[in-house]
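For this chain, numbers begin at 1 and follow the sequence in order. These numbers come from a predicted model, not from an experiment.
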Amino acid sequence: MTLEEKIAQLFGVWVGASAEGAEVAPHQHDMEEPAPLEDLLPYGLGQLTRPFGTTPVDPALGALSLLRTQRRIAAANRFGIPALAHEECLAGFAAWGATAYPVPLSWGATFNPVLIEEMARAIGRDLRAVGIHQGLAPVLDVVRDARWGRVEETIGEDPYLVGTIGTAYVRGLEAAGIVATLKHFAGYSASRAGRNLAPVGMGARERADVILPPFEMAVREGGVRSVMHAYTDTDGIPSATDERLLTGLLRDAWGFEGTVVADYFGIAFLQTLHGVAGSLGEAAAAALTAGVDVELPTVKAFGAPLRAALAEGLVSEAVVDRAVHRVLRQKAQLGLLDADWDPTPAVLADKDAATSAADAGTAGMDTATSAADAGTEGTNAGTSDTNAGAVTGLRGTVDLDTAENRALARRVAEQAIVLLRNDGTLPLDGERTPPRIALIGPNAATPTAVLGCYAFPVHVGSQHPHVSAGIELPTLHEALTAEFPESEVVTAAGCDIDGAATDGFAAAVELARSADLVIVALGDRAGLFGRGSSGEGCDAGSLALPGVQQQLLDTLLDTGTPLVLTLLAGRPYALGRATTEAAAIVQTFFPGEEGTRALASVLSGRVAPAGRLPVSVPRLPDAQPATYLAARLGRATEVSNIDPTPAFGFGHGLTYTTFDWSQLVTAREVADTGDEFTVACTVRNTGARAGTEVVQLYLHDPVASVVQPVQRLIGYVRLDLAPGEEAEVRATVPAHLAAFTGRDGHRIVEPGDLELRFSASSTDARLTARVRLTGPVRTVDHQRRLHANFYVTHRQERSNAA
């Protein structure tokens, strides 16, 4: 390959599929100048950026558009190499008409990796079916400050939960044949004051023990094939130029063999935002040397500036060769270099009209020298042919929101709903079903209240207000009306999500006083860069509810009508008086297109609440940042007037039944620093309803050579128990799980006393086993054991078994 041909494999072009099935068109964006495809394609092309996620397009016609473009790309370069196409899939395939699943924070709330892997397989199948190869998910950033706008995209505030759920997502996506992409590597979520893309000031130990473990787990256990660098700098070093991170740790230590891709415009940001490069050429040389292989979303630094940097000797061609080898190896793994490669995606494989239209569009493209001109002519001819028949025959024939997808989205939403408080008002079944329900709040009748900022109807659809959402989005009012057909459900907004007006309060109060029960629907509006209260670039100054929502909530509490607070949000918020005065509080984190139905079914009791908090709910809005992973001085003390104690801690969640925890067994109380312990307990459902308990195992290290969090999660298991049923939970805990980064920067296991706490949440330890590690201080590396092994034995209570 010539140097031009090699460089061409190292960048993408941002495109949009044609709504008429014609070839893709370069995307117009204020941060880029679209390069003419005819100038690029004779040398080849590395990636196509977001062909489905740029504008609303019928999935079948989008697949046809991508098919025709891939044939043009392959025909235009002398090696016949097609592009790798990538898409966002943070909460489902970000395409018009595709299923909108719950956001990652809801994945964390399920504490159910098996379910999340199943969801990821379904998302991957849809991506693959229309010709996509790579998905830009999951986000493995650990929440360090819930004011950060992208909290909704994360899995939670605990690295073990993030790692296990995120790795499950990776396995599912990769099993479907899609290249998963870990992001953002590393430290993006630890920006100062929770501001998007702000500098990161954490030390090496926090990075090693909190931020990096989820990425390490996904690399070791998930089979992930791509990693995206973070925008941020840590202690002055941008991730995109951090060779110790992208090469020394990721590749040399962890053994990662895939591609490292740039976050969008991240290489140019080295010049424009970080100021560590004087030109785009210097930025390209620094990123490529550090280990970034592919520039996304479009060619900017890795084009002419990279060629100039090579000519100036700022980077060697051997570094280009290294990146090209990784890119081509990945394309080979995907079958894109096979002699019999066929770009026809599965959804078009049996549609003769589509194939005919694609063939017509690529006619005359047999030689590389005439590919550009013939491609233009082919586009026109293909468009005409498509309009003549293929469009009519294909439009509406591809379903990316099947009944199976919706049922899966419903299950994830149901398992992610967290019951924070309940005085017995819930569930609303039997005699407790109120004749008249007042549903009040800005999210009461808003279809998109269940969607995060990367869901297509919000992310792209908001720019096309005259185009339908493409999926069914029942409002909470519609869901409650269907769930409680014998009740009268009346509604009022009361206020906007983030507005200051209170003129709707009077009507809301009147409605509340006339009702038997008030259900309040508060929370967020997802958006981008300040156009919402949650989402990328929508950071919060405090964790008070946006706008005047808290004032509305307090006003409704004053009416004296029993009040159930429901939250459709992207982050946790302080809830003021409601934490002690509301009859019940139900938390959801943007639960997706089936979210309102799932919420209604939990309120009625038809579905039992089973979620647990992946992030703590604060008691005070301004005691930030705070997570449960705090050292002793990070908690409430007598030397500070700010109390960060949460209203509801990480891992908290109630059910409609009760559980008894007993029979703690410590099979081994003393072990070597390289050995393991075994501890066990029994959990029994003592109530009259079936329910789910999540047994969480925390480790407390009373004395260590460096300051440690008071406790940290090292394992968990979900138990679904019928009334009277009990289960013995036995955990084998390797001493490696007590490892931390020592004073010299190496990960060590120290001898000494430990506590293993069987807990219902980070604030509710039920049984504590005290054990001791003996022997020498042991140094461990990336081959250390990462998990406790859980064994569950179910038993029915004898009196019920008869």
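The two residues Leu522 and Leu553 have their closest heavy-atom pair at CD1-CB, 4.1 Å. Of all heavy-atom pairs spanning Thr167 and Pro214, the tightest one is OG1-O, 4.5 Å. Residues Ser762 and Gly649 come closest through the heavy atom pair OG-C, 3.7 Å. Heavy-atom minimum distance, Ala479 versus Ala600: O-CB, 3.8 Å. In this structure, Asp209 and Arg747 approach most closely via the heavy-atom pair OD1-NH1, 3.2 Å. Smallest separation of non-hydrogen atoms from Tyr573 and Ala569: CE1-CB, 4.3 Å.
Residue pairs meeting the side-chain hydrogen bond (donor to acceptor under 3.5 Å, both in side chains) criterion with at least one partner in residues 136-149, sequence neighbours excluded, are Asp141-His184, Arg144-Glu206, Asp145-Arg147. Note on residues 638-650: pairs passing side-chain hydrogen bond (donor to acceptor under 3.5 Å, both in side chains), not counting sequence neighbours, are Arg619-Asp643, Asp643-Thr645. Residue pairs meeting the salt bridge (charged side-chain N to carboxylate O under 4.0 Å, His left out) criterion with at least one partner in residues 155-166, sequence neighbours excluded, are absent. Pairs passing the salt bridge (charged side-chain N to carboxylate O under 4.0 Å, His left out) check and including a residue from residues 526-549, sequence neighbours excluded, read Arg150-Glu536. Residue pairs satisfying the salt bridge (charged side-chain N to carboxylate O under 4.0 Å, His left out) criterion with at least one member in residues 565-586, sequence neighbours excluded, are listed as follows: Asp558-Arg577, Arg577-Glu581. Legend: side-chain hydrogen bond (donor to acceptor under 3.5 Å, both in side chains) pairs involving residues 647-658, not counting sequence neighbours, sorted by first then second residue: Thr657-Asn685, Thr658-Thr686.
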For Val694 and Val717, run side chain to side chain contact (heavy atoms under 4.5 Å, CB included): C-alpha distance rounded to whole Å, both residues' side-chain angles, the deciding distance at 0.1 Å, then the answer. CA-CA 6 Å; Val694 180; Val717 62; over 6 Å; no
Run the salt bridge (charged side-chain N to carboxylate O under 4.0 Å, His left out) test on Glu414 and Arg606 for me, step by step, so that the C-alpha distance in whole Å, both residues' side-chain angles and the decisive distance to 0.1 Å come before the verdict. CA-CA 11 Å; Glu414 289 172 349; Arg606 191 162 50 83; 5.7 Å; no
side-chain hydrogen bond (donor to acceptor under 3.5 Å, both in side chains) for Tyr231 and Asn196? Distances and angles first, verdict last. CA-CA 9 Å; Tyr231 281 134; Asn196 192 47; over 6 Å; no
Test side-chain hydrogen bond (donor to acceptor under 3.5 Å, both in side chains) on Ser534 and Glu152 and set out the steps. CA-CA 7 Å; Ser534 174; Glu152 65 175 68; 2.6 Å; yes
Side chain to side chain contact (heavy atoms under 4.5 Å, CB included) between Gln587 and Arg421, worked out: CA-CA 10 Å; Gln587 173 80 62; Arg421 170 180 166 79; over 6 Å; no
Let me see the working for Thr566 and Thr588 under side chain to side chain contact (heavy atoms under 4.5 Å, CB included), right down to the final yes or no. CA-CA 8 Å; Thr566 64; Thr588 74; over 6 Å; no
Just do the side chain to side chain contact (heavy atoms under 4.5 Å, CB included) check on Val695 and Val792 with the steps written out, would you? CA-CA 11 Å; Val695 176; Val792 178; over 6 Å; no
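Evaluation of the ring-ring contact (aromatic ring centres under 6.0 Å, His included) rule for His459 yields Tyr454 as partners, not counting sequence neighbours. Judged as a ring-ring contact (aromatic ring centres under 6.0 Å, His included), and not counting sequence neighbours, the contacts of Tyr628 are Phe650, Tyr698. Among residues two or more places apart in sequence or in another chain, the ring-ring contact (aromatic ring centres under 6.0 Å, His included) test is passed with His229 by none. Here Arg525 pairs with Asp498 under the salt bridge (charged side-chain N to carboxylate O under 4.0 Å, His left out) rule; sequence neighbours left out. For His787, the ring-ring contact (aromatic ring centres under 6.0 Å, His included) test picks out Tyr160, with sequence neighbours left out.
The closest donor-acceptor contact from the side chain of Ser462 to the backbone of Val458 lies under 3.5 Å. Between the Gln696 side chain and the Ala760 main chain, a donor and an acceptor come within less than 3.5 Å of each other. Although no hydrogens or angles enter the test, the distance criterion places a donor-acceptor pair under 3.5 Å between the side chain of Asp423 and the main chain of Thr425. Glu88 places no side-chain N or O within donor-acceptor distance of the main-chain N or O of Phe93, the cut-off being under 3.5 Å. Judged by distance alone, with hydrogens and angles left aside, the side-chain atoms of Lys183 form no donor-acceptor pair with the main-chain N or O of Ala230 at under 3.5 Å.
When side chains are defined from C-beta on, Tyr716 counts as touching Thr164, because their heavy atoms get closer than 4.5 Å. Within the 4.5 Å cutoff, the side chain of Val170 has heavy atoms near those of the Pro138 side chain. Side-chain contact between Arg121 and Leu173: absent, with no pair of heavy atoms (C-beta onward) separated by less than 4.5 Å. Residues Leu245 and Leu212 meet the side-chain proximity criterion, which asks for heavy atoms closer than 4.5 Å. With contacts defined as side-chain heavy-atom distances shorter than 4.5 Å, the pair Val586/Leu567 does not qualify. At least one side-chain heavy atom of Cys495 sits under 4.5 Å from a side-chain heavy atom of Pro442. Within the 4.5 Å cutoff, side-chain heavy atoms of Met228 are placed close to those of Leu136. Annotation: side chain of Leu756 is not in contact with side chain of Thr768 (no heavy-atom distance under 4.5 Å).
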Could you list the donor-acceptor pairs under 3.5 angstrom formed between side-chain atoms of residues 110-120 and any protein atom two or more places apart in sequence or on another chain?
from   : atom 1 : to     : atom 2 : distance (Å)
Thr110 : OG1    : Trp107 : O      : 2.6
Thr110 : OG1    : Asn112 : N      : 3.1
Asn112 : OD1    : Val114 : N      : 3.3
Asn112 : OD1    : Leu115 : N      : 3.2
Asn112 : ND2    : Gln415 : OE1    : 2.8
Glu117 : OE1    : Arg171 : NE     : 3.4
Glu118 : OE1    : Arg411 : NH2    : 3.1
Glu118 : OE2    : Arg411 : NH2    : 2.6

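A donor and an acceptor atom, one from each side chain of Tyr188 and Asp263, are nowhere located under 3.5 Å apart.
Remark: Asp235 CG is loosely packed, at most 12 non-hydrogen atoms of other residues, nucleotides or ligands lying under 6.0 Å away.
For the atom pair CZ of Arg220 and CZ of Arg784, the computed distance is 6.5 Å after rounding to the nearest 0.5 Å. Rounding to the nearest 0.5 Å gives a distance of 11.0 Å between CD1 of Ile471 and CG of Asn405. The line from CG of Leu90 to SG of Cys453 is 7.5 Å long, rounded to the nearest 0.5 Å.
Using a cut-off of 4.0 Å between Lys/Arg side-chain N and Asp/Glu carboxylate O, Arg766 and Asp764 are scored as salt-bridged.
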